[in-house]
Amino acid sequence: MVKKEKKYTYFEAGEGTPIVVLHGLMGGLSNFDGVANFFPSKGYKVIIPELPIYTQSLLKTNVKAFARYVKDFITFKGYERVILVGNSLGGHIGLYFTKQYPELVRGLVITGSSGLYESAMGESYPKRGDYEYIRKKAEDVFYDPKIATKEIIDEVFATVNDRIKLLKTLTIAKSAIRHNMAKDLPKMHAPTCIIWGKQDKVTPPEVADEFKKLLPNASLYWIDECGHAAMMEKPDEFNDLLYGWLTEKKL
């Protein structure tokens, strides 16, 4: 179901209200298999664009440029208003997009999102050649370390050992810190759904509480025994919470 059109590569399924999913820094499209399988049967079109995290020039490797890329993609697809769902860096891009282009946003969903709190992504990179260290970092993303399969660990290891990708990862980390959203959030009135893993070590639970406090139109839901990528670790609970919220808000 992956399509390539012009400069865009994306997954698309279903018909109805568009849900545009924004993946994170190390996250592929498959991280959202649960969302992609569930929502098309509920009257939604799920679209997951591949974000140009490692393919744009360094000058365009930042939160603002990625939000612009999503805007261009939505315009290209001809959608009037969308529901945005973002995990980690994808949540941050969704937040920045909502600040810049509120007229295009029906609703925003964030899980394990950056934007308020960034753990120093760069601190660990001197150890980038250490496979065991990378394995531990990848396992820390989840409550259940078994979800960090060898395939996932290998992909992260390859990314941090690719000099250009490493440079872009650090550039994005700095951009995330620079684009802190704390002052913007109180002015953002789009209905927002915050779904958070209670055991998220990357963006701890207090980050979710802070998002709830600062966003004027936000609902916060917790998933227990769950880490930083709720839609991967607890897909059924994630979908039930999200679908309940969409139904309640008539989105």
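Residue numbers start at 1 and run along the sequence shown.
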Where the side chain of [X] meets the backbone of [Y], is there a donor-acceptor pair that is under 3.5 Å apart?
X	Y	answer
Q199	E225	yes
W196	T203	yes
E233	I147	no
N87	H228	yes
H189	P216	no
K64	S175	no
S113	H92	yes
T61	I172	no

Nearest-0.5 Å distance that lies between atom [atom1] in [X] and atom [atom2] in [Y]:
X	Y	atom1	atom2	answer
I48	I19	CD1	CD1	10.0 Å
L104	I74	CG	CD1	6.0 Å
K99	K183	NZ	NZ	11.0 Å
L84	I47	CG	CD1	10.0 Å
K137	F157	NZ	CZ	15.5 Å
L116	I110	CG	CD1	8.0 Å

Quick one about K77 and Y10 (side-chain donor to acceptor, distance below 3.5 Å, no hydrogens or angles considered), yes or no?
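Looking only at side-chain atoms, K77 and Y10 do form a donor-acceptor pair, the distance falling under 3.5 Å.
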
Test item: [X] and [Y] side chains (from C-beta on) under 4.5 Å apart, heavy atoms:
X	Y	value
L25	Y54	yes
T17	L251	no
E210	L185	no
D184	L214	no
Y44	Y243	yes
K249	C193	no
N161	L166	no
K71	T75	yes

Minimum heavy-atom distance between [X] and [Y], given as atom pair plus value:
X	Y	value
V46	A36	CG1-CA, 4.1 Å
I223	A230	CD1-CB, 4.1 Å
I153	A148	CD1-O, 3.4 Å
A67	Y101	O-CE1, 4.0 Å
Y117	V207	CB-CG2, 3.6 Å
A190	T98	CB-CG2, 3.9 Å

Check your understanding: If you measure from the Lys or Arg side-chain nitrogens to the Asp or Glu carboxylate oxygens, is any gap between K136 and D140 under 4.0 Å?
Key ->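 Looking at D140 together with K136, the answer is yes, because their closest N to O distance falls below 4.0 Å.
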
Notebook entry, point to check: Is it true that E132 and R135 make a salt bridge, defined as a side-chain N closer than 4.0 Å to a carboxylate O?
Noted result: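 So E132 pairs with R135 through a salt bridge.
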
Heavy-atom count check: over 12 atoms from other residues, nucleotides or ligands less than 6.0 Å from [X] [atom1]?
X	atom1	result
K213	NZ	no
E5	CD	yes
E206	CD	yes

- Would you sort out whether L22 and F66 count as a side chain to side chain contact (heavy atoms under 4.5 Å, CB included), showing the intermediate values? CA-CA 10 Å; L22 306 174; F66 296 146; over 6 Å; no

Margin query: Please determine whether salt bridge (Lys or Arg N to Asp or Glu O under 4.0 Å) holds for the pair D72 and R68, giving the CA-CA distance in whole Å, both sets of side-chain angles, and the decisive distance to 0.1 Å.
Written below: CA-CA 6 Å; D72 292 345; R68 178 74 214 190; 3.1 Å; yes

| Would E237 and I195 count as a side chain to side chain contact (heavy atoms under 4.5 Å, CB included) if you check the C-alpha gap in whole Å, the side-chain angles of each, and the deciding distance to 0.1 Å? | CA-CA 10 Å; E237 280 183 57; I195 302 177; over 6 Å; no

Margin query: For I152 and M232: C-alpha separation, side-chain torsions, deciding distance, then whether side chain to side chain contact (heavy atoms under 4.5 Å, CB included) applies.
Written below: CA-CA 12 Å; I152 288 173; M232 276 177 82; 4.0 Å; yes

ILVMFWY network linking V156 to Y143, side-chain heavy atoms under 4.5 angstrom:
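No, separate clusters.
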
ask   = I164: what forms a side chain to side chain contact (heavy atoms under 4.5 Å, CB included) with it, not counting sequence neighbours?
value =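 In terms of side chain to side chain contact (heavy atoms under 4.5 Å, CB included), with neighbours along the sequence ignored, I164 is linked to D162, K168.
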
Ring centres under 6.0 angstrom apart (Y69, F76):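 No, the ring centres sit 6.0 Å or more apart.
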
For this session: Tell me whether the guanidinium CZ or amine NZ of K42 lies under 6.0 angstrom from the six-membered ring centre of F38 and within 45° of its axis.
Result: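 Yes, a cation-pi geometry.
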
Apply side chain to side chain contact (heavy atoms under 4.5 Å, CB included) to the pair I53 and L89, showing each step before the final yes or no.
CA-CA 10 Å; I53 285 175; L89 174 70; 3.9 Å; yes

